[in-house]
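Each remark here refers to the structure printed beneath this line.
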There are 2 protein chains.
Amino acid sequence: MNLNPVAVNATVINGTAMSQMQSVERQLREMILGLEIGPGERLTERWIESRFAASRTPVRAALLRLETEGLICRDGRGWTVSPINLTELEQIAVYREAVEVAAIRITCALEDKSAVDLIEAMLDSCDAATAREEWHRVGMDFHIELARLSGNDFLVRAVRDAMTRLSRARWLEVRDEAALGRAWAEHHAVLAAVRAGDADEAARLLSTHMVGSRDRLVTSLRDDRRGLRARGFAVVAA
Amino acid sequence: MNLNPVAVNATVINGTAMSQMQSVERQLREMILGLEIGPGERLTERWIESRFAASRTPVRAALLRLETEGLICRDGRGWTVSPINLTELEQIAVYREAVEVAAIRITCALEDKSAVDLIEAMLDSCDAATAREEWHRVGMDFHIELARLSGNDFLVRAVRDAMTRLSRARWLEVRDEAALGRAWAEHHAVLAAVRAGDADEAARLLSTHMVGSRDRLVTSLRDDRRGLRARGFAVVAA
DNA sequence: GACACCAATTTGGGATACCAAGTTGGTATC
DNA sequence: GATACCAACTTGGTATCCCAAATTGGTGTC
């Protein structure tokens with residue numbers, strides 16, 4: 001017996017109706033990325049079902065998608081929120097660098113550089129008063145949008161996927177004001193090189209930025225591993 | 001009422017029991033990659049259900065997975081086997097090149113080059129008497145296994161994903177004996193450079209090989225587009 | 001106290017029933 | 001014959017039920 005009319009079941013965001021599956025997927029993803037469910041925590045389909053007032057069919061569809069995003073993984077017969085894996089983070093950073101550098105080289109060769117302005121505006125929308133959460137989001141979007149300028153959907157997808165997988169770790173990273181400022185400056189420098197069409201320089205700047213970013217990330221997490229574990233987060237180094 | 005015992009439901013391959021979902025996914029993937037179901041064909045969950053004697057739960061799980069692999073895509077409310085998209089193929093080729101070149105540079109920097117022998121042996125297992133299907137498989141595996149030497153799982157996954165998406169197109173490509181021989185020789189040359197630890201040369205050879213390969217692929221499909229359409233295959237250039 | 005053993009519960013995999021929206025084919029009307 | 005209209009069917013989305021396997025918790029034995 002289904003007593004729920006569509007108007008009740010469907011979640012509406014920005015005027016667009018979402019299916020139950022999309023709704024569950026979205027909410028669950030936000031909970032995982034927002035660390036409301038910690039890395040390493042067990043998930044049961046039944047819990048999700050009751051938590052989001054959906055039946056198991058959309059729940060399972062959402063789980064399958066989140067698994068391909070790497071946010072959850074199978075744990076024997078059940079599901080687990082993916083632990084923070086330092087080795088994996090390093091590998092993703094290498095992958096990301098290859099893809100982003102390829103993208104920026106393509107972009108530098110393009111005639112129309114006007115889209116760079118939009119990214120620059122995005123960067124400039126952050127200032128000292130901006131919430132850390134917003135800095136975090138802009139820091140991710142910068143790389144995704146930069147890749148998008150290449151016009152290659154697969155490069156964009158790869159960058160987005162990598163950033164999603166790195167997202168929780170970047171959020172956990174202990175970053176001071178200086179680090180945020182440095183990243184901001186490096187992003188601007190990269191854009192300047194792109195605007196000038198200097199592919200080698202843009203690639204070099206971007207690469208340097210990413211290597212530094214990766215090293216600080218991994219070091220920060222490695223140093224704070226005990227603290228993270230104390231918060232109930234699974235952090236593995238294997 | 002479920003009358004089917006596990007022994008009937010479970011498909012066993014190589015002594016390993018597969019779930020219904022895995023079985024449906026695998027069979028459906030093979031049918032799509034083997035062009036038994038042509039690009040652009042509509043799929044209904046009910047047809048798959050009866051075709052593989054499974055219920056809709058595993059069918060839907062399989063469809064969700066194949067969607068993330070890019071082999072099928074949503075078509076309004078239904079499912080369609082992904083058409084051959086020439087623009088997409090070109091983008092994948094660019095993506096692939098970035099990833100494979102990054103992987104081979106890492107591999108060249110490694111001390112232990114013994115794994116190269118295994119790939120060389122794989123290449124050498126093909127000769128004039130080898131079936132075209134086998135050439136096809138080895139041609140894919142060469143690139144995947146070469147990436148695996150880097151030790152970076154994300155680079156491997158990216159290459160495997162790209163090769164899967166290119167697979168049908170490569171199978172449709174009109175390739176003569178000369179083309180197969182050239183590819184074989186180029187593969188060997190790449191391995192030689194890797195063994196010598198010459199990253200720049202290996203990257204150059206691999207890159208050249210892939211660019212040529214991509215150009216021939218796209219040209220072949222573009223030229224034969226009419227013939228492919230006549231066989232009922234959707235080929236789009238958008 | 002350690003351990004083997006069994007029943008109750010939990011859980012994911014699968015099967016099926018139901019619904020709403022879309023499609024289709026036929027029919028009545030003009 | 002063209003068209004408006006409606007009923008039957010199709011189809012994906014969702015809810016619910018069943019099952020087997022794993023987990024859990026308690027109990028009796030040594």
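So that the names make sense, note that chain A is the first sequence line, chain B the second, and so on, each numbered from 1.
- A donor N or O paired with an acceptor N or O is found under 3.5 Å between the base of dG12(D) and the side-chain atoms of R46(B).
- Near-neighbour residues of DNA chain C inside residues 58-72 of chain A, defined by a heavy atom below 4.0 Å, number-ordered: R60(A).
- In this structure, W47(B) places its CH2 atom 13 Å from P of dT11(D), rounding to the nearest Å.
- Distance CG (L43(A)) to P (dG12(C)): 9 Å, rounded to an integer number of Å.
- Taking the six-membered ring where the residue is Trp, H187(B) and F142(B) present parallel rings, their angle staying beneath 30° rather than reaching 60°.
- T57(B) comes within 4.0 angstrom of a nucleotide base, judged by non-hydrogen atoms across all strands.
- Contact check, S55(A) against dA15(D): a side-chain N or O comes under 4.0 Å of OP1 or OP2.
- Looking at S150(A), its side chain never comes within 3.5 Å of a backbone N or O of T107(A) through a donor-acceptor pair.
- The residues E90(A) and R222(A) are annotated as salt-bridged, a charged nitrogen and a carboxylate oxygen being separated by less than 4.0 angstrom.
- The partner of dC30(C) is dG1(D), judged by Watson-Crick or G-U wobble contacts that both fall below 3.5 Å.
- Put simply, CZ on R77(A) is 12 Å from P on dT24(D), counting in whole angstrom units.
- Listed nucleotides dG14(C), dG12(D), dA15(D) differ in distance to W79(B); the shortest reach to its side chain belongs to dG12(D).
- Rounded to whole angstrom, the span from the CD atom of E49(A) across to the C1' atom of dT11(C) amounts to 11 Å.
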| Do R170(A) and E173(A) pass the salt bridge (Lys or Arg N to Asp or Glu O under 4.0 Å) test, and can you show the C-alpha distance, the side-chain angles, and the key distance before you say yes or no? | CA-CA 5 Å; R170(A) 285 163 60 91; E173(A) 184 184 6; 5.9 Å; no

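- Distance Q22(A) CD to dG13(D) P: 10 Å, rounded to the nearest Å.
- Summarising the geometry, the separation between CD on Q20(B) and P on dC19(D) is reported as 16 Å, rounded to the nearest angstrom.
- Atom CZ of R42(B) and atom P of dT10(D) are 15 Å apart (whole Å).
- Of the two residues near DNA chain C, R56(B) and E45(A), the one whose nearest nucleotide lies more 5' is E45(A).
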Determine all donor-acceptor pairs shorter than 3.5 Å in which one atom belongs to a side chain in residues 59-67 of chain B; sequence neighbours excluded.
unit_1, atom_1, unit_2, atom_2, d
R60(B), NH1, E45(B), OE2, 3.3
R65(B), NH2, E67(A), OE1, 2.5
E67(B), OE1, R65(A), NH2, 2.4

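- Residue contacts for R74(B): at a heavy-atom cut-off of 4.0 Å it reaches the sugar-phosphate backbone alone, with no base atom in range.
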| message | Set out, in order, the CA-CA distance, both residues' side-chain angles and the distance that settles side chain to side chain contact (heavy atoms under 4.5 Å, CB included) for E145(A) and L118(A), then state yes or no. | response | CA-CA 9 Å; E145(A) 294 307 318; L118(A) 297 175; over 6 Å; no

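- Distance I48(B) CD1 to dG12(D) C1': 12 Å, rounded to the nearest Å.
- Cation-pi geometry between R74(B) and W79(B) is satisfied (NZ or CZ under 6.0 Å from the ring centre, within 45° of the ring normal).
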